Amino acid sequence: MSPLSYRMLQIAGAPAGLLGLEELYVALHDEGISPDSSEIRLRLIAGVQQHNFIPKSAEADYLNALHSEYARYHRLRQAGKAVVARDYGKWRGYPREQIPWFPTLSAALCTHCGACLETCAREVFEYDQDGKVFVAEPFLCMVGCCFCKSVCEPQALLFPGQEMLNNYREKI
Ligand code: SF4
Ligand code: SF4
């Protein structure tokens, strides 16, 4: 049996690691469940709880993040784009998805000027359907870089402290 996928989602502005999310999205889509379906929220929570602990008090925040991510996944699949679990490579021997280094965008401060998107060479940022900038591919972010932060005038981009990276010693 192949191991479950592992990735991080930003839940209410903080990264949370989740097991089995890719598999859940594939199953829901293949069952024909759309993001507008009346059962989608229950199915998302129940599916994620199979492999992860979700504190009751954070359920609404998880649901919002899971739902908008599923809507994005569903949109790509409906457009005929193959959504394959992306290989983000490794960093110091750890799967990139296990390193919580990426920008977190403050919705309260961001003016959606696009400077970060134009600065980043790694396609971490995208515009959404309303022309608002969001962090679309956090694991494409280069670990240790914070270039985009320096061009963000309202200081809307947050990163963890560099010292966090010392927790990840080189794996042989
Ligand atoms: S540079 Fe800052 S303000 Fe401009 S879009 Fe990026 S995060 Fe928002
Ligand atoms: S830190 Fe560097 S790699 Fe990461 S999003 Fe910003 S500019 Fe791109």
Side-chain angles (χ1 to χ4, degrees), residues 1-29 44-55 57-59 61-77 81-107 110 115-126 128 133-152 155-172:
M1 200 170 143
S2 54
L4 286 170
S5 65
Y6 178 87
R7 61 173 292 191
M8 287 198 189
L9 268 193
Q10 295 201 46
I11 313 284
L18 293 172
L19 283 168
L21 197 56
E22 309 296 338
E23 292 84 346
L24 175 63
Y25 285 173
V26 170
L28 290 172
H29 179 270
L44 282 170
I45 280 288
V48 168
Q49 280 174 329
Q50 279 186 358
H51 306 292
N52 306 275
F53 171 68
I54 300 181
S57 58
E59 224 171 80
D61 290 331
Y62 270 79
L63 253 177
N64 287 338
L66 291 166
H67 187 253
S68 67
E69 193 63 16
Y70 181 61
R72 181 166 174 263
Y73 173 89
H74 193 268
R75 203 166 51 239
L76 289 171
R77 288 285 304 268
K81 297 190 180 163
V83 187
V84 285
R86 199 163 182 166
D87 180 3
Y88 293 101
K90 294 194 171 184
W91 188 75
R92 290 187 182 168
Y94 296 86
R96 176 63 184 88
E97 299 95 308
Q98 292 185 14
I99 315 288
W101 182 277
F102 43 78
T104 297
L105 190 153
S106 162
C110 178
C116 54
L117 191 146
E118 284 157 24
T119 301
C120 179
R122 293 199 161 202
E123 300 180 341
V124 171
F125 302 95
E126 279 179 26
D128 70 12
V133 175
F134 71 105
V135 178
E137 283 283 6
F139 301 120
L140 290 181
C141 177
M142 184 163 70
V143 177
C145 175
C146 42
F147 194 25
C148 50
K149 185 177 176 176
S150 65
V151 301
C152 177
Q155 302 190 338
L157 293 174
L158 311 170
F159 282 86
Q162 290 270 354
E163 64 284 356
M164 176 275 288
L165 299 176
N166 296 334
N167 297 327
Y168 298 87
R169 292 177 193 281
E170 200 77 48
K171 267 190 182 177
I172 315 249

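Only a predicted model underlies this, so the values are computations on that prediction, with no experimental measurement involved. In what follows, residues are counted from 1 in the order of the sequence shown.
Ring-plane geometry between Y25 and Y70 is classed as tilted, the angle between the planes lying from 30 to 60 degrees on a 0 to 90 degree scale. Under the 30°/60° scheme for interplanar angles, the aromatic rings of W101 and F159 are found to be tilted.
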List, one per line, each side-chain donor-acceptor pair under 3.5 Å for residues 137-148, sequence neighbours excluded.
unit_1: E137; atom_1: OE1; unit_2: Y88; atom_2: OH; d: 2.5
unit_1: E137; atom_1: OE2; unit_2: R86; atom_2: NH1; d: 3.2

Determine, stepwise, if the pair L66 / L21 fulfils side-chain contact (heavy atoms from CB on, under 4.5 Å). CA-CA 9 Å; L66 291 166; L21 197 56; 3.6 Å; yes
Candidate pair Y62 and N52, rule side-chain contact (heavy atoms from CB on, under 4.5 Å), full reasoning: CA-CA 11 Å; Y62 270 79; N52 306 275; over 6 Å; no
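With contacts defined as side-chain heavy-atom distances shorter than 4.5 Å, the pair L28/L44 qualifies. Counting only heavy atoms from C-beta outward, the side chains of W91 and L165 approach each other to under 4.5 Å. Side chains of E23 and Q50 form no contact here, defined as non-hydrogen atoms less than 4.5 Å apart. With a 4.5 Å cut-off on side-chain heavy atoms, L157 and T104 do not count as touching.
Once rounded to the nearest 0.5 Å, the distance linking NZ of K90 with CD of E97 reads 10.0 Å. Here E118 contributes atom CD and F125 contributes atom CZ; the two are 11.5 Å apart, rounded to the nearest 0.5 Å. Here CG of L19 is found 14.5 Å from CZ of F53. Values are rounded to the nearest 0.5 Å.
Within 6.0 Å of CD in E59 there are more than 12 heavy atoms belonging to other residues, nucleotides or ligands.
Of the possible polar contacts, one joining the N167 side chain to the M164 backbone as a donor-acceptor pair under 3.5 Å is found. For R96 (side chain) and I99 (main-chain N/O), a donor-acceptor pair under 3.5 Å exists by modelled atom type.
Closest approach of E123 and C120 over heavy atoms only: N-SG, 4.0 Å. C110 approaches L105 most closely through the heavy-atom pair CB-CD2, 3.5 Å.
Residues that satisfy the ring-ring contact (aromatic ring centres under 6.0 Å, His included) test with H29, not counting sequence neighbours, are H74.
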